[in-house]
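Below is one structure, written out as structure tokens, with a few remarks after it.
Just so you know, these numbers come straight off a predicted model, no measurement behind them. To find a chain, count down the sequence lines: A is the first, B the second, and so on, and within it residues start at 1. Below, each value reflects all heavy atoms present in this structure, side chains not excepted, and no hydrogens, waters or symmetry copies.
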Amino acid sequence: MSVPRLATGPAKNKLRSQTVNRTFYWMVVPALLLFVVLHTVPALTGIFYSFTNYAGYGEWDFVGLQNYVNLFRDDRILSSYGFTFLFAVTATIVVNIGALFIALLLNAKIKFQTAFRGIFFIPNVLSVLIVGYVFNYLLSNNLPLVGRALGIEWLSTSILTNPDLAWLGIVGVTAWQSIAFSVIIYLAGLQTVPAELYEAASIDGASHWRQFTSITFPMISAFFTINMVLALKGFLQAFDQIVALTGGGPGTSTESVAMVIYRGGFQGGEYGYQMANSVVYLIVIVVLSLLQMRTLQRKEADFS
Amino acid sequence: MSTQNMTRRAVDREQKSGPEPQQGPPKKRRTSNVNVPVTVLVAVLSLTVLIPLYFTVVTALKSPDQLGGTGFELPTSIHPENFSKAWELTDFPNALLVSGIVTASAVVLTIITNSMVAYAIARNMNRPFFKALYYFFIAALFVPFPIIMLPVTKETALLGLDNPVGLFLLYTVYGLSFNIFVYTAFIKSIPPELEEAAIMDGASHWTSFWKVIFPLLTPMNATVGILTCLWAWNDFLLPLVILSDPATRTLPLVQYVFQSQFNTDYSTAFASYLMAMAPLLLVYLFAQRWVISGVMRGSIK
């Protein structure tokens with residue numbers, strides 16, 4: 001096999017210093033064009049319309065920053081942000097703790113390991129919308145029965161019709177569906193931890209908890225970061241599960257930002273206004289994701 | 001010949017160096033000291049997944065007057081007519097066909113185009129154009145769909161793409177940011193000497209990509225394919241805003257319309273949910289190991 005050796009010499013430098021082969025552009029340009037047309041252009045026109053009073057049809061005028069000012073005075077918008085954050089933060093915490101716990105169990109020396117992994121991943125192959133419909137029925141018909149049988153008052157009516165509790169139902173269903181994916185990512189992380197570390201720790205007499213805090217968690221912290229960022233970003237976009245469970249109700253108590261954009265923009269003639277909402281929402285998500293990555297990565301560094 | 005040998009070697013190495021979740025600990029250890037309490041705990045926890053599924057199945061088999069109670073009783077008599085009713089009311093074969101075409105096209109087009117883009121970028125990262133392109137695509141990771149939902153709907157309607165074709169094109173380009181991330185990391189681990197050797201033997205860049213690189217990407221293609229498939233099949237918001245013709249509704253969209261029109265006939269509704277879940281669930285049951293290792297691989301890279 002002399003081929004690789006040949007290529008490492010001056011020949012390699014010669015190849016590298018040539019101008020880019022035109023084929024590379026052909027590989028990139030079609031997808032790039034599609035991306036610009038279907039992603040960048042809509043994003044830019046959206047930003048443009050956020051400075052207008054466009055209703056989605058008919059005439060429009062520039063209104064400057066008026067939409068942005070109005071956003072901060074709009075109770076419906078503010079409460080949708082409140083709900084979205086409450087939901088996303090709670091769901092992120094619940095999903096990550098639950099998934100890490102299940103992943104640790106599945107990584108232990110258990111019987112039928114592959115089969116159990118298979119079972120825990122099932123929710124992820126199902127549509128969130130349909131899962132939401134099934135749980136909608138369970139939560140509004142079966143859970144109240146259990147509540148009545150046990151004499152628990154707040155459980156004896158559907159929690160989805162209770163403005164204070166409906167969000168918990170949404171968190172529960174979201175967790176049921178999303179834990180699956182996080183479990184798999186954590187399992188992938190756990191596979192990267194060398195078994196020798198545990199053997200050494202056992203010889204030194206470290207408890208299971210100590211092994212978790214001193215070995216497992218630091219070793220998989222990169223996976224923890226990925227999961228936290230992905231989960232928070234995903235849950236901030238919640239839409240399907242809310243449509244299926246509460247439709248934003250009771251009242252507007254479980255309306256997420258995505259839902260307000262959808263309703264106001266498509267049905268409410270608030271195209272320009274909701275585009276301003278989208279721009280604010282984008283800034284919020286970018287800032288949050290970057291902050292989250294920075295703090296979590298700093299933690300990672302501390303461990304190592 | 002030489003490139004083929006190289007290729008095979010690189011594949012071997014790739015498989016050896018990549019963590020192989022399924023092989024994991026040797027079988028001896030697993031059978032010799034099984035942790036029984038943890039196994040029991042896992043079994044109990046797995047009921048949280050299985051019970052809702054069981055509930056869906058039995059509800060779909062009952063007649064409306066058998067509903068009520070705890071809902072978990074077995075049906076006293078089986079009612080297959082729920083399925084035929086749901087089949088007709090939702091025009092199931094049509095929705096299945098639309099979902100199937102959109103998902104399959106999205107998966108094929110995504111694998112072909114996204115791997116090509118990632119390859120061109122990964123091999124030219126030192127050139128400003130490709131480097132800028134990389135960050136341009138990665139930046140789009142931060143842009144959630146609801147933000148461009150309103151303008152993109154207008155635009156697809158304008159371009160005549162408010163149909164399944166537009167839908168799978170959107171899945172292909174919206175997956176680009178994440179897939180480039182996964183593919184470029186993987187391609188960087190493939191020595192450039194491989195294609196360079198092929199090119200010195202007279203192959204064009206194009207041929208060397210398809211003959212040398214693309215086959216080496218198989219594990220990543222599987223990962224990207226699985227994730228795209230799950231996304232395109234189950235997605236609800238994108239079909240909801242893009243598709244304008246009721247005849248081209250995807251399976252999740254049909255459930256939405258069905259739910260809002262016939263929301264009291266729960267037996268038929270559950271039969272309909274079950275039929276919509278069944279295709280991917282069946283595929284998953286047969287390809288389970290493969291799907292899980294595919295998703296795991298994607299998260300390690």
Could you tell me whether the side chain of [Y] reaches within less than 4.5 Å of the side chain of [X], counting heavy atoms only?
{"X": "B:Thr39", "Y": "A:Lys111", "answer": "yes"}
{"X": "B:Phe130", "Y": "A:Val28", "answer": "yes"}
{"X": "A:Trp176", "Y": "B:Pro52", "answer": "yes"}
{"X": "B:Leu251", "Y": "A:Ser127", "answer": "no"}
{"X": "B:Pro151", "Y": "A:Tyr271", "answer": "yes"}
{"X": "B:Val283", "Y": "A:Val125", "answer": "no"}
{"X": "B:Tyr273", "Y": "A:Val131", "answer": "no"}
{"X": "B:Val152", "Y": "A:His39", "answer": "no"}

Interchain contact, [X] with chain B, by part (heavy-atom threshold 4.5 Å):
{"X": "A:Ala108", "result": "side chain"}
{"X": "A:Ile285", "result": "side chain"}
{"X": "A:Phe101", "result": "side chain"}
{"X": "A:Tyr186", "result": "neither"}

With respect to chain B, which residue among [options] yields the maximal number of heavy-atom pairs within a distance under 4.5 Å?
{"options": "A:Gly46, A:Gly118, A:Ala31, A:Ala258", "result": "A:Gly118"}
{"options": "A:Tyr133, A:Tyr281, A:Phe120", "result": "A:Tyr133"}
{"options": "A:Gly56, A:Ala115, A:Pro30", "result": "A:Gly56"}
{"options": "A:Asp240, A:Asn227, A:Ile47", "result": "A:Asp240"}
{"options": "A:Leu106, A:Val128, A:Ile102, A:Val243", "result": "A:Val243"}
{"options": "A:Val286, A:Leu34, A:Leu138, A:Thr45", "result": "A:Leu138"}

What option among [options] has the most heavy-atom pairs under 4.5 Å with chain A?
{"options": "B:Pro37, B:Gly166, B:Ser46", "answer": "B:Ser46"}
{"options": "B:Val173, B:Ile148, B:Ile147, B:Asn35", "answer": "B:Ile147"}
{"options": "B:Ser204, B:Cys229, B:Ala139, B:Ala43", "answer": "B:Ala43"}
{"options": "B:Leu285, B:Thr113, B:Leu133", "answer": "B:Leu133"}
{"options": "B:Leu161, B:Leu240, B:Asn114", "answer": "B:Leu240"}
{"options": "B:Thr48, B:Leu280, B:Val42, B:Leu45", "answer": "B:Val42"}

Report which part of [X] has an atom under 4.5 Å of a heavy atom belonging to chain A: side chain, backbone, both, or neither.
{"X": "B:Leu159", "answer": "side chain"}
{"X": "B:Thr156", "answer": "side chain"}
{"X": "B:Val291", "answer": "side chain"}
{"X": "B:Thr172", "answer": "neither"}
{"X": "B:Leu227", "answer": "side chain"}

>> Can you confirm whether A:Trp26 is buried at CH2, in the sense that more than 12 heavy atoms of other residues, nucleotides or ligands lie under 6.0 Å from that atom?
In response: no
Roughly how far, to the nearest 0.5 Å, is the [atom2] atom of [Y] from the [atom1] atom of [X]?
{"X": "B:Ser293", "Y": "A:Leu187", "atom1": "OG", "atom2": "CG", "answer": "12.0 Å"}
{"X": "B:Leu230", "Y": "A:Asn124", "atom1": "CG", "atom2": "CG", "answer": "6.0 Å"}
{"X": "B:Leu53", "Y": "A:Leu126", "atom1": "CG", "atom2": "CG", "answer": "6.5 Å"}
{"X": "B:Leu150", "Y": "A:Met275", "atom1": "CG", "atom2": "CE", "answer": "6.0 Å"}
{"X": "A:Ile110", "Y": "B:Leu41", "atom1": "CD1", "atom2": "CG", "answer": "9.5 Å"}
{"X": "B:Ile292", "Y": "A:Thr114", "atom1": "CD1", "atom2": "OG1", "answer": "8.5 Å"}

> Taking the six-membered ring for Trp, are B:His205 and A:Phe24 parallel (under 30°), tilted (30 to 60°) or perpendicular (over 60°)?
Replying inline: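 It falls in the perpendicular class, over 60°.
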>> Walk me through whether B:Glu155 and A:Val37 qualify under side-chain contact (heavy atoms from CB on, under 4.5 Å).
In response: CA-CA 9 Å; B:Glu155 207 182 295; A:Val37 169; 3.4 Å; yes
> Do side-chain atoms of A:Lys233 reach the backbone of B:Leu141 as a donor and acceptor pair under 3.5 angstrom?
Replying inline: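 Looks like yes, one N/O pair under 3.5 Å.
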> Between the side chain of A:Tyr262 and the main-chain N/O of B:Leu237, is any donor-acceptor distance below 3.5 Å?
Replying inline: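 Flag not set: sc A:Tyr262 to bb B:Leu237 has no pair under 3.5 Å.
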Are [X] and [Y] near enough that their ring centres are under 6.0 Å apart?
{"X": "A:Tyr25", "Y": "B:Phe129", "answer": "yes"}
{"X": "A:Phe35", "Y": "B:Phe136", "answer": "yes"}
{"X": "B:Phe270", "Y": "A:Tyr137", "answer": "yes"}

> Between B:Ala120 and A:Met27, what is the shortest heavy-atom contact and its length?
Replying inline: CB-CB, 4.1 Å
> At their closest point, which heavy atom of B:Pro146 faces which heavy atom of A:Ile261, and how far apart are they?
Replying inline: O-CG2, 3.9 Å
>> Does A:Phe121 form a side-chain contact (heavy atoms from CB on, under 4.5 Å) with B:Val49? I'd like the steps, not just the answer.
In response: CA-CA 9 Å; A:Phe121 194 68; B:Val49 172; over 6 Å; no
> Yes or no on side-chain contact (heavy atoms from CB on, under 4.5 Å) for B:Met149 and A:Phe266, after CA distance, side-chain angles and deciding distance?
Replying inline: CA-CA 10 Å; B:Met149 151 171 88; A:Phe266 286 113; 3.7 Å; yes
>> Under 6.0 Å from the ring centre and within 45 degrees of the ring axis: does the NZ or CZ of B:Lys154 meet both conditions for the six-membered ring of A:Tyr57?
In response: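 Here B:Lys154 fails the 6.0 Å and 45° test against A:Tyr57.
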>> With side-chain contact (heavy atoms from CB on, under 4.5 Å) as the criterion, how do A:Leu32 and B:Val117 come out once you've worked through the C-alpha distance, each side chain's angles and the decisive distance to 0.1 Å?
In response: CA-CA 8 Å; A:Leu32 176 64; B:Val117 175; over 6 Å; no
